[in-house]
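Following: one structure in structure tokens, then a few remarks.
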Amino acid sequence: MTQMTPPPAQPGPSGPEAEPPFLSLHTTVVLLTALVLGLVVGGLTVLTSVPAAGAALAGLSAAGTTVPVLHSLIGQPRQRSGP
């Protein structure tokens with residue numbers, strides 16, 4: 001005897017249950033902006049004929065110090081009050 005498998009469950013009216021994002025939009029914007037600023041500082045440091053290791057440290061330092069500043073400057077998105 002063979003058994004029939006049940007059909008796949010149909011999503012409800014609101015769609016399938018979605019997982020929350022790994023990073024919020026605010027966190028993503030802050031980290032990407034810090035990355036870009038770190039790359040700019042590192043690139044400009046390389047142009048001053050500093051060794052590559054020193055330029056990498058300058059870029060990492062710049063990226064690390066800009067994260068708290070960007071976090072306070074870039075506000076959290078406002079919640080909508082209604083439809």
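Just so it is clear, the values below take in all heavy atoms, side chains as well, and ignore hydrogens, waters and symmetry mates. One is the number of the first residue; the rest follow in order along the sequence. Computed from a predicted model, the values in this text were never measured in an experiment.
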Requested in this report: Check Val69, Leu73, Leu70, Leu25 against Val30 for a side-chain contact (heavy atoms from CB on, under 4.5 Å) and give me the one that passes.
Outcome: Leu70
Report task. Each residue besides Leu60 in its hydrophobic cluster should be listed here, by chain and number; the cluster joins Ile, Leu, Val, Met, Phe, Trp and Tyr at side-chain heavy-atom distances under 4.5 Å. Result -> none
Identify every side-chain donor-acceptor pair in residues 31-46 under 3.5 Å, counting partners at least two apart or on other chains, and give the distances.
| from | atom 1 | to | atom 2 | distance (Å) |
| --- | --- | --- | --- | --- |
| Thr33 | OG1 | Val29 | O | 2.7 |
| Thr45 | OG1 | Val41 | O | 2.6 |

Report task. Report yes or no: does Thr27 contribute a side-chain atom to a donor-acceptor pair with the main-chain N or O of Leu23 at less than 3.5 Å? Result -> no
